[in-house]
Structures are given as C-alpha cells and as structure tokens.
Amino acid sequence: MAETKETTVMGKLVSLAKRRGFVYQSSEIYGGTGSVWDYGPLGVELKRNLRERWWRAMVHQRDDIEGLDAAILMHPRVWEASGHVAGFTDPLVECRNCHRRFRADAPELAGGQCPVCGSRDSFTEPRMFNLMFRTFMGPVEDEAATVYLRPETAQGIYVNFLNVFNASRQKIPFGIAQIGKAFRNEITPGNFIFRTREFEQAEMQYFVEPGTDEQWLEYWKDQRMTWVRDLGIRAENLRFHEHTQEELAHYAKRAYDIQYRFEFGWQEFEGIHNRTDFDLSRHQEYSGKKLEYFDQASQRRYVPYIIETSAGIDRTLLVVLADAYHEEDVEGETRVVLRLNPALAPIKAAVFPLVRKDGMPEIAEKIHATLRAAALPSFYDDGGSIGRRYRRQDEAGTPWCVTVDGQSTQDGTVTIRDRDSLSQIRVPAERIVAWVTEQATKPYAPLPAIP
Ligand code: ATP
C-alpha cells in the first residue's frame, strides 16, 4: 500500500486512526491479516453512529421500509440464482517474477510493468477468479456441503421478500433494509478501509411496480445524496457517476454511484441501482416458489422491480474521516483536527478541571456524570496542560471541551470551547446537557477546506 506514507492524507489518517483508537490492523501482533481491520474504542462509536443514522433515516423515519437481519450463511443455490457462482469473477493476472496477483484491469498495469517488482511483460494470461469466500457446512468437506460467506447483504432481503411482505402488510411500493457484514476475496484490496475483504454494507431494496422504476431510481438518488450531504461531507467532494453500458452489472438496467473525491481519485462509496425484476425472477426460477405481488387496485399480478441503495459502512466512514481531516496553523503550531459532524462524533464533550484542586475536580466530575447519564458520551481528562488536552480532543473529533476553572467555583459557570471556530463561551454548568444536546442535533454545515 504505497499510498499510505505519512505525507498523504490517507497515510496520516492510518496513523491517527491507530494512535487515537479508531482503526487497527486485524491480528496486528501476528503481522496483520490481509486487508481486514478492527475498530477501536473511538472507531466503534463512529461506526455505530453512522449505522444508527442510516437506520433512523431509512427505517424508523419511514412508514414504507421494514428492517431485516438475515444470516451471513445462506443456501448455496441462492448464489447460483443471483449469478454470483457463475459471474462474480474478476480477471486476475500474476507477475511471473514476484508472483503478486492483480486485477487485469487495474490502471497501474497499463504500461505492462509490474507495480511491485518493476518487471516488464511478466504477466500471465488473465484467469477468472471468483470473489466469494467458500467454506463447508457440517463435518464433511465436499461439494455438497459447500457454502459461501455472502458477498452482499441484498440476497438475504430477496429471499425474505414474501416473509416480510406477509408479516408487515405493506403495499408496493415498499422497501426492506438491512445492515450487515459481507465478504469478498478481493484481489487488490487496499487504501486502508476503502477496499477490504470483510466489510459492512447498509442496503435497502425498494420493491416497485414495473414501469415506475425509473422514477423511483431518481427519487432514491436524491434521497441518498441528501443523506450523504447531511453527514457533513463537503459538496465539492461529492458527485454522481452514471454507469456506462460496459460498467453496468448483469442485473442492472441503470445505475449511479455516489463518488467521493479521495486523494487517489473519485471513487464510489454507495450505489443506487435499478435491478429490474432480475433478482426475484431468478429466485422464483431456482426455488420454484412464486415471488409475485398481486395489486388489488389494478387486479394485476407482477414480479416487482427493485431499486437498490447499497452503501458500504466502512467506506462511508472513510469518506467521513477523509473529509473531516484538517491540519491548520494555530499560533505557529500545526493543529490536527477531525471536523466530524457532532452527531457522528464518538465523544460529544470532554470535561476538564483546570487544576486538580480547589473544588474544580468535583464540579467537573459531576458534569461528566450528568452528560453520561443523558447518553452523551463524555471524556474526563485532568492530565497535562489545557492546550494538550484540547489537542487530544481535536484529533478525536470531539466538538466541545468544557473547562471548569476558578470562576466556576464562584458562580457555577464553565467555559465551552468550540472545536471548529475555537471560540469560547461561558455557560451555567447545569445548562451543559441541554446545550450539548441542542448543538449535537442541529444540522451541521462543514467549514470550507483550508487551502
Ligand atoms: P467496487 O467497484 O469498488 O469493487 P462494487 O461496485 O463492487 O465496488 P457494490 O457491489 O455496488 O460495489 O457494493 C456496494 C458498496 O459496498 C460499495 O459502494 C462500497 O461502499 C461497499 N463495498 C463493496 N466492496 C467493498 C470492499 N471490498 N470493501 C469495502 N467496501 C466495499
């Protein structure tokens, strides 16, 4: 992963993520596992906040979408019906010199030179490689016992379409949403948590009447871009990319990616796809079970079309981190700050007694306890200078630091320092919970990038 030198934002993010406990390499003490990552104390909170925000917008705040949590292991026929056994393959080439493998279409191979060892014309002919992880169910390891780790969560939704429909009494159009792990044996993983072999997806499949699919695709395209913008991602770093005929997946009639401008180029982190009736028709064919919908009003029976919104939680988290990462000069020193939307920030407020005496710790501890009791994650820090304590919280993305000083013991007010503007205000200590709650739930407008 040549890009992750400390001179690049990605390199700096990797080291900040480790230093502050956002993301670690999996099994690091054994030298790490290829492109699998673990989330530390701050990372797990950020990820939960992202997931919960998605769930709230896609399930809780809507009448027309139901939630689901399907298992990772599914009947092997699912993957025949979905086309993954036959088609979920990438052309793979190997360098005869260093034996590293690459996707044949990787841009760095364009010159015919191996990007690892530099050999020229050393690549084998492309060979198709299935990206699904295979394992065995039960004690006998044979073909009949082969199962796959799901490469996408969507199929769990399709096979449960009738179950959810019958239990929820929804009418078309309606959707089913789920968040869960997916696995792909990627040939060229990399760029930190951008492309990994184990990752999480947040997918929603919206079942619509054929003929209304184009209009629903446009609707979901807008909804999803609005959601992404509301995370606090700067508009100039976001765009849609419509799939060309060559890019369209076998199941798709039309598809858009939401792309982010990473320093390694514009890259997809969410897809909005018109999957037509491909999935339900195939499952009907392979399972022998009818997956049709009967529309009472029109007395029409049909296999619904599906509009899918498919986001990677880890990849979206990387977008959030990359967009929030800033270095700026403050009084001659470099300040590293994660300008996270407060609603996503792992710690909402840090509480500092200015000194460890004169009644300040008692007031600070009480504020810290009150914040926690109100389910606002708070961090208590009484170590080192205030400047150092601010810097630690800036790197963690904590939006507000509350300091208890001499005046607090006199008049019961404390200072709140704002991470982004660096401004300070005095607020009565008993107002802190209300103040933080109000600020953390406001829409967040990101500051423009520092040139
Ligand atoms: P790519 O072209 O980058 O391989 P894809 O087009 O195969 O992605 P989809 O199958 O549409 O991706 O998956 C939907 C989302 O799931 C992606 O936008 C991404 O956020 C996430 N995703 C897919 N593969 C990975 C991976 N290997 N690591 C992390 N996230 C992934």
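Remember, it's 1-based here, ligands and their atoms both numbered in the order they're listed. Remember, predicted model here, so these are calculated numbers, not experimental data.
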Of all the heavy atoms in His273, does at least one lie under 4.0 Å from an atom in ligand 1?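 Within the 4.0 Å threshold, so yes.
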
Ligand 1 contacted by Glu268 (non-hydrogen, < 4.0 Å): yes

Does NZ or CZ of [X] lie under 6.0 Å from the centre of the six-membered ring of [Y], at an angle within 45° of the ring axis?
{"X": "Arg77", "Y": "Tyr286", "value": "no"}
{"X": "Arg417", "Y": "Trp400", "value": "no"}
{"X": "Arg197", "Y": "Phe183", "value": "no"}

Flag the pair Arg301 and Asp295 as a salt bridge only when some basic side-chain nitrogen lies within less than 4.0 angstrom of an acidic carboxylate oxygen. no

Lys253 bridged to Glu214 by N-O distance under 4.0 Å: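 Salt bridge: yes.
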
Show the atoms of ligand 1 that are less than 4.0 angstrom away from any heavy atom in Phe194.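 Counting atoms of ligand 1 from 1, those under 4.0 Å from Phe194 are 28 (N), 29 (C), 30 (N).
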
For Ser310, take its heavy atoms, then give the atoms of ligand 1 lying under 4.0 Å from any of them.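 Going through ligand 1 atom by atom, the ones under 4.0 Å from Ser310 are 13 (O), 14 (C), 15 (C).
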
Which is closest to atom 28 (N) of ligand 1 by heavy-atom distance: Thr196, Ile272, Leu318?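 Heavy atom nearest to atom 28 (N) of ligand 1 belongs to Thr196.
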
Of Trp37, Tyr260, Phe199, the one whose closest heavy atom lies nearest atom 30 (N) of ligand 1 is Phe199

Start with the C-alpha gap between Asp381 and Arg392, add the side-chain angles, then the distance that decides, and say whether salt bridge (Lys or Arg N to Asp or Glu O under 4.0 Å) holds. CA-CA 10 Å; Asp381 190 359; Arg392 283 200 285 263; 2.8 Å; yes

Identify all side-chain donor-acceptor contacts of residues 220-228 below 3.5 Å with residues at least two apart in sequence or on another chain.
unit_1 : atom_1 : unit_2 : atom_2 : d
Arg224 : NE     : Glu270 : OE2    : 2.6
Arg224 : NH2    : Glu270 : OE1    : 3.2
Thr226 : OG1    : Asp222 : O      : 2.8

Parallel, tilted or perpendicular: which one describes the rings of Tyr302 and Tyr293, with boundaries at 30° and 60°?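 Tilted, since the angle between the ring planes falls between 30° and 60°.
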
Tell me which part of Gln267 gets within contact of ligand 1: side chain, backbone, both or neither, using heavy atoms under 4.0 Å. neither

For ligand 1, the portion of Gln201 having any non-hydrogen atom under 4.0 Å away: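 The answer is the side chain.
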
For ligand 1 and [X], I'd like to know whether there is a polar contact (N/O to N/O, distance under 3.5 Å).
{"X": "Arg103", "result": "no"}
{"X": "Phe269", "result": "yes"}
{"X": "Glu186", "result": "yes"}
{"X": "Gly312", "result": "yes"}

